Every structure is written in C-alpha cells, then in structure tokens.
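Have a look at the structure below before the remarks.
Read the numbers this way: they start at 1 and go in the same order the structure lists the ligands and their atoms. Side-chain atoms are counted along with the backbone in the values below, which use heavy atoms only and exclude waters and symmetry mates. Computed from a predicted structure; not experimentally measured.
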Amino acid sequence: MSRLVVVSNRVAPIQEGQPTTGGLAAGVLDALKKKGGVWFGWSGDIAATSSNKPTARQKVGPITLYTVDLSRRDYDEFYRGFANDTLWPALHYQIGLGRFDWNEFAGYRRVNELFARALAPVIEPDDIVWAHDYHLLCLAESLRELGVHNRIGIFLHTPFPAPPVFMTVPAHAELIKAMCQYDLVGFQTETDRAGFADYVVRHCDGELIGHPRDGLTLRAYGRVIKTGVYPIGVHVDEVRGQAKAQANRRHADRLMASLRHRQLIMSVDRLDYSKGLKQRFGAFERFLEDCPAARGGVTFLQIAPPSRSDIQTYREIRHELEGEAGRINGRFAEIDWMPLRYLNRSFPRSALMPLYAVADVGLVTPLRDGMNLVAKEYVAAQDPADPGVLVLSQFAGAAFELDAALIINPYDMVGVAMALDRGLSMRLEERQERHASMMQVMRRNSLDAWRDRFTADLTG
Ligand code: ADQ
C-alpha cells in the first residue's frame with residue numbers, strides 16, 4: 001500500500017496523539033494515522049545554517065515526523081518576506097499591502113529546494129506526496145529536478161485570485177510554471193480553481209482537456225495537471241461534543257455571568273488584515289448608531305491573537321484596531337456596559353467551542369478567505385434546538401456552502417449593521433431552519449471527505 005507523505009511549512013507539535021492546533025493539522029493527522037506515512041516541514045526553529053537533511057525525526061504511531069531548521073536569512077526571505085509579505089496579500093486580493101523583492105523570491109525558491117533535497121531520500125517509490133499551501137508552490141519543481149517521479153499534489157488553503165491580480169507579483173510566470181509540475185492542484189472553491197485555470201489557458205498556452213464532468217484537467221509545459229475543488233471541513237460531532245462538555249465550560253460560564261442576559265455577538269480570528277476586523281469594528285459602530293434600542297443590550301466579543309507580528313503591516317493593523325476599539329467604547333460605553341470586548345489572546349479549542357455555543361450571532365467578515373473554519377465551527381457548536389445566527393462574508397470560501405447564513409459584503413457597513421439587527425431578532429423557527437440546512441452541507445463536506453477526495457484524486 002502506498003504511504004502518504006505530507007509536506008507543510010510547519011509540522012504541528014503532537015501531544016497524546018493529537019495536534020495542538022486545529023483544522024488542517026487534525027485533518028492531515030487523521031489521514032496519516034489511517035494510511036501511515038510521513039509528515040515533513042519546518043521545525044519552527046531558527047538555526048545558524050539551514051540543513052539539507054532533516055534535523056529531527058520523531059515517531060508517533062504509524063507516522064514519522066521529519067523536521068528541518070531554517071537559518072535566519074532563509075526565514076526572513078522565504079517565510080517573512082516572499083511567502084507572507086508578497087504572496088499572502090496578492091492571494092487575498094490585497095495588492096496595495098504587498099511588496100516584492102527578487103532576492104526574497106530567490107530565498108523562497110532556495111527553501112523549496114532545500115525542502116526537496118531533505119525530503120527526496122525519504123520518499124519511497126509508491127508514496128504519494130501531498131504538499132500544503134502557498135509556501136510550497138515550487139516544491140514539486142524542485143523534487144522533479146531531483147528525479148522524483150511520484151504523484152505529487154498541492155492543496156491551496158488560501159484563495160487563488162483572478163489572473164490580473166496574481167500578475168501583480170512580478171514572479172507570477174515562474175510560480176505558475178512551477179505549479180504545473182504538480183499532478184494535482186486543489187482549491188477551496190470553484191472561483192479559485194477558475195483563477196488558476198484561466199491563467200494557464202490564457203498566459204501559458206495551456207489547454208483544457210477531458211470532459212469538465214471529470215474535473216478540470218489542463219495541459220501545459222508538456223505535462224497534464226489535474227485540478228480539483230475540495231472545500232475543507234470540520235468534524236461536526238466533535239465540535240458539538242467539545243461545545244457541550246461541562247469540563248470545557250469555565251470561560252463560557254464566566255462570560256455568561258458577566259453578560260447579565262445581554263445578547264452576544266462573537267468573532268474569532270487570527271489578527272490579520274485579510275479578516276476584515278477594521279471594517280467589522282466600523283460595522284458594529286454603525287449598528288450602535290442605527291439601532292439605538294440595542295445600546296446597553298448587546299455585547300460584541302472579538303478574540304484575535306496577534307499573528308506574524310514580525311511583519312510591519314501586521315503591527316500596523318494591530319495598532320489601528322487598538323485605537324478603534326478604544327474609540328468605539330469611549331463613544332458608546334455606559335457606567336455598566338462596555339459594547340466591545342477586544343481580547344488579543346488565544347484560547348484552546350476546548351474553551352473556544354463553548355464560547356461559540358453561547359453567542360447569539362457569529363460574525364465572520366473576512367475581505368477574502370480561502371475557507372474560514374471559524375464559520376463552520378461556529379455553526380457546528382450550536383445547540384440545534386436553539387441555534388445562533390451566522391453572519392458571513394460573501395468573500396469567504398465558506399459562503400459557497402453555507403448559503404443559509406446571512407450573507408453580507410464586508411465593505412458595506414450598513415448592510416452588516418442590518419444583518420446584525422436581523423440576526424439578533426430572528427425567530428427561533430428561522431434560526432433552526434437555517435442551522436439545519438448548513439449542518440446538512442457540513443456533514444456532507446466533512447474533514448474526512450476533504451481528505452479522502454483529495455488523496456483519491458491524487459492516487460488515481
Ligand atoms: P486561517 O487563516 O488560520 O487558516 P481559519 O480557517 O479561520 O483561518 O482558522 C483556522 C483555525 O484556527 C480554526 O480551527 C480556528 O478555531 C483557529 N483559530 C482562529 N482564531 C483563533 C483564536 N483567536 N484562538 C484560538 N484558535 C483560533 C487558513 C486559511 C483559511 C482556511 C484554513 C484551513 O486562511 O481560509 O479555512 O487555512 O484550510
């Protein structure tokens with residue numbers, strides 16, 4: 001039987017057989033436990049020099065974890081520079097926030113080559129290789145140069161933009177050529193796949209082959225590249241179980257006691273400009289302006305731990321949000337009511353799920369998002385007998401499936417304010433219907449389905 005070799009920028013630390021982070025790590029780990037295999041990536045450590053060989057090897061059941069360390073220069077050019085300060089903004093349509101440097105692009109390629117050199121000796125003839133995300137667009141190219149002929153696929157967790165947006169990255173042609181060395185390129189939504197296919201057909205002299213019914217297959221650079229749409233999901237029953245468990249409810253109970261029967265709007269994000277937090281704060285302010293009756297009766301809880309704080313744009317957005325939160329509270333707060341609670345910290349998943357469950361409205365308003373698992377976790381955590389309402393950005397990948405949410409445009413403050421008002425006053429029957437409809441889709445497109453469909457298409 002073929003083994004699965006998973007490659008991601010970071011290998012998630014595993015404790016007691018479980019990854020310490022959510023989503024992707026959980027899905028990948030399940031697949032590896034079932035099939036047995038290898039998980040390869042950066043250790044998260046900076047060393048004096050980067051290594052061509054794995055610097056650590058750890059065995060967890062049928063899984064072998066291999067990690068490499070990166071030098072400061074590689075980390076700066078590959079991770080902090082090209083991956084997160086050029087590709088991330090471009091993939092999220094935030095071209096005004098990105099910058100480009102050919103040296104950093106060379107560093108990105110160098111680390112993809114380094115990964116390939118460290119990984120190639122580990123790969124056995126029947127293995128299938130599954131790379132994850134925008135950090136590794138050039139990995140298959142580097143593996144092919146080393147003579148690796150195995151099936152290699154990549155799943156992009158982020159959006160893939162329309163070609164004119166992608167072309168703002170000066171190295172766009174090199175990146176697409178490298179992506180065409182994969183056998184399978186997977187996306188979260190049809191829009192993302194169409195962006196990639198459109199680029200290949202229009203700008204690489206590529207062609208569509210086969211029947212669209214069988215998926216979209218492209219021919220370019222003398223190769224055949226399958227593309228597919230695999231919306232990532234969550235383990236719905238596990239989320240609800242965590243939300244209900246008495247042992248997890250300490251934070252949720254404290255929150256409920258402090259609310260004193262006020263209604264709760266809740267958002268949870270990494271602190272990232274793509275998540276639309278600034279526009280969201282503005283929409284909440286607009287809601288307080290437009291719905292004076294809600295003042296004193298509704299609290300908005302925003303949980304947003306800092307991420308990538310060694311990048312200037314991330315420091316700026318954090319600073320800006322602190323100012324906005326203070327201003328909105330200064331404007332509307334009463335002696336006994338603070339409208340906006342802004343927490344710059346993370347919570348363990350076990351504590352987060354019961355918090356979702358007590359929120360009347362889950363407010364998820366990214367400007368662009370590959371999927372957004374918070375939206376799915378929020379829905380899965382609800383009590384089906386008395387569920388909360390999801391207000392969801394049309395620009396999150398999740399909106400393609402969760403069309404029973406209140407879908408909004410995150411740039412439209414009035415529209416978001418109106419949706420908040422509507423969500424907070426929605427009748428039980430409508431809430432139940434919308435929730436049941438979203439649960440049906442989420443059960444079908446589970447995390448298991450995501451993984452099984454991708455690995456089946458990569459194998460076949
Ligand atoms: P992210 O941008 O990190 O992921 P998202 O999908 O919302 O975004 O969150 C991933 C996980 O992190 C979720 O399980 C969530 O519970 C957890 N998380 C988020 N904020 C947290 C907080 N404040 N405290 C604790 N946990 C928190 C990328 C893409 C997404 C895509 C995922 C998976 O950007 O679009 O959905 O990968 O493919």
Exercise. Does the pair Y79 and W42 meet the rule for a ring-ring contact (aromatic ring centres under 6.0 Å, His included), with working shown?
Worked result: CA-CA 11 Å; Y79 180 77; W42 176 40; 5.7 Å; yes

Hey, are [X] and [Y] close enough for a salt bridge, meaning a charged N less than 4.0 Å from a carboxylate O?
X: R72; Y: D76; result: yes
X: R80; Y: D85; result: no
X: K278; Y: E324; result: no

Please indicate whether any nitrogen or oxygen in [X] is less than 3.5 Å from any nitrogen or oxygen in ligand 1.
X: L373; result: yes
X: W88; result: no
X: G370; result: yes
X: E377; result: yes
X: R345; result: no
X: M353; result: no

Exercise. Is it true that T158 lies under 4.0 Å from ligand 1, counting heavy atoms only?
Worked result: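 Contact check T158 vs ligand 1: negative.
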
For this session: Could you name the option among R368, H157, K275, H132 that has the heavy atom nearest to atom 1 (P) of ligand 1?
Result: K275

